[in-house]
Amino acid sequence: MTLVDLNEVEDVKAEPEAAATTIYVCITCRRPGDPDEGPRRGEAFADETIAAAVGTDLAVKRVRCLANCKRGLSAAVRRHDAWTYIFGDLDPASGARALVDGALLFAAASTDVMPWRGRPEALKRGLMARVPPMNFEGDE
């Protein structure tokens with residue numbers, strides 16, 4: 001992983017309302033047996049995702065626990081008035097780039113779902129769940 005000066009990437013930490021698509025990265029992820037004290041893998045993964053999103057219109061937000069502990073590293077991708085996607089088992093070396101690429105694909109989609117075609121392989125294998133948008137009225 002690349003070390004990043006987060007002072008240089010403040011624009012990526014925009015409020016979710018300011019960006020149509022937001023990536024939420026779990027900062028509490030750790031492997032079983034990791035010490036409770038000290039930095040968590042999720043914190044470093046959030047830094048990498050922020051760095052990968054520089055220069056895009058995506059927002060990246062840190063979140064404490066996505067309750068996907070057995071399948072961490074975890075993140076969610078949300079777009080206003082669209083489905084939200086929750087991913088797990090993300091690779092620390094390539095998962096941040098996959099999240100950003102998937103979020104950009106989703107942001108450009110003409111429907112309220114993240115396209116399967118073109119989605120990074122890590123987001124196909126690591127899909128844990130998708131959550132309907134607030135205005136969802138059910139399937140007929």
Side-chain angles (χ1 to χ4, degrees):
M1 284 194 250
T2 307
L3 292 177
V4 175
D5 182 354
L6 294 181
N7 293 322
E8 296 177 10
V9 292
E10 284 297 319
D11 59 316
V12 179
K13 295 183 184 181
E15 289 302 314
E17 297 79 24
T21 305
T22 303
I23 301 170
Y24 296 91
V25 180
C26 179
I27 61 170
T28 56
C29 281
R30 64 182 177 96
R31 287 197 165 122
D34 282 354
D36 285 336
E37 59 282 337
R40 303 272 179 133
R41 291 183 323 132
E43 293 172 353
F45 188 61
D47 292 346
E48 289 299 316
T49 306
I50 290 167
V54 169
T56 71
D57 289 331
L58 302 173
V60 177
K61 301 298 282 182
R62 299 165 188 270
V63 63
R64 292 190 158 291
C65 195
L66 287 172
N68 192 30
C69 300
K70 291 185 180 189
R71 303 256 334 248
L73 299 166
S74 297
V77 178
R78 179 187 176 279
R79 192 180 88 195
H80 184 69
D81 287 337
W83 289 78
T84 297
Y85 291 81
I86 302 169
F87 301 100
D89 293 326
L90 295 166
D91 182 83
S94 61
R97 180 81 254 158
L99 279 171
V100 169
D101 290 346
L104 289 169
L105 177 71
F106 192 25
S110 60
T111 65
D112 64 353
V113 297
M114 183 185 288
W116 187 257
R117 182 174 296 220
R119 187 184 300 183
E121 194 61 36
L123 302 189
K124 291 179 179 178
R125 285 189 324 270
L127 180 63
M128 304 303 306
R130 67 180 193 147
V131 179
M134 295 293 289
N135 61 354
F136 186 73
E137 297 197 18
D139 291 324
E140 302 273 330

Student: Between A82 and P133, which heavy-atom pair has the shortest distance, and what is it?
Tutor: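 Looking at all heavy atoms of both residues, the closest pair is O-CB, 3.3 Å.
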Student: Which of these passes side chain to side chain contact (heavy atoms under 4.5 Å, CB included) with M114: T84, V77, L127?
Tutor: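 Testing M114 for a side chain to side chain contact (heavy atoms under 4.5 Å, CB included) against T84, V77, L127 leaves exactly one candidate, V77.
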Student: Return the set of residues passing side-chain hydrogen bond (donor to acceptor under 3.5 Å, both in side chains) with D112 (not counting sequence neighbours), or none when no residue passes.
Tutor: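 Counting only residues at least two positions away or on another chain, D112 forms no side-chain hydrogen bond (donor to acceptor under 3.5 Å, both in side chains).
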Student: Using the test side chain to side chain contact (heavy atoms under 4.5 Å, CB included), find all partners of V113 that sit at least two apart in sequence or belong to another chain.
Tutor: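 Expected list: W83, Y85, T111, R130.
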Student: Apply the side chain to side chain contact (heavy atoms under 4.5 Å, CB included) test between L58 and each candidate in I23, L99, T49, T22; give the one that qualifies.
Tutor: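 Output: one option passes, namely I23.
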Student: Taking atom CZ of R125 and atom CZ of R119, what is their separation to the nearest 0.5 Å?
Tutor: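 CZ of R119 is found 12.5 Å from CZ of R125.
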Student: Compare every heavy atom of L105 with every heavy atom of G118, then report the nearest pair and how far apart it is.
Tutor: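 The pair with the smallest heavy-atom distance is C-CD2, 3.7 Å.
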Student: Membership question, hydrophobic clusters at under 4.5 Å side-chain separation (ILVMFWY): are M128 and L73 in the same one?
Tutor: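 Different clusters.
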Student: To check you understand the geometry: which heavy-atom pair defines the closest contact between Y24 and L66, and what is its length?
Tutor: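 In terms of heavy atoms, the two residues are closest at O-CD1, 4.1 Å.
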Student: Mind listing the closest non-hydrogen atom pair of V60 and A53 along with its distance?
Tutor: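 So the two residues come closest at CG2-CB, 3.7 Å.
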Student: By the definition side chain to side chain contact (heavy atoms under 4.5 Å, CB included), identify the one residue from I86, N68, L90 that meets it with S74.
Tutor: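 With S74 as partner, I86, N68, L90 yield a single side chain to side chain contact (heavy atoms under 4.5 Å, CB included), made by N68.
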Student: Which heavy atom of E43 sits nearest to which heavy atom of R62, and what is that distance?
Tutor: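 Looking at all heavy atoms of both residues, the closest pair is O-NH1, 3.8 Å.
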Student: Can you name the nearest heavy-atom pair linking D91 to F45, along with the distance?
Tutor: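 Shortest heavy-atom separation between D91 and F45 comes out as O-CE1, 3.8 Å.
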Student: Is there a donor-acceptor pair under 3.5 Å between the side chain of R41 and the backbone N or O of P92?
Tutor: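 Flag not set: sc R41 to bb P92 has no pair under 3.5 Å.
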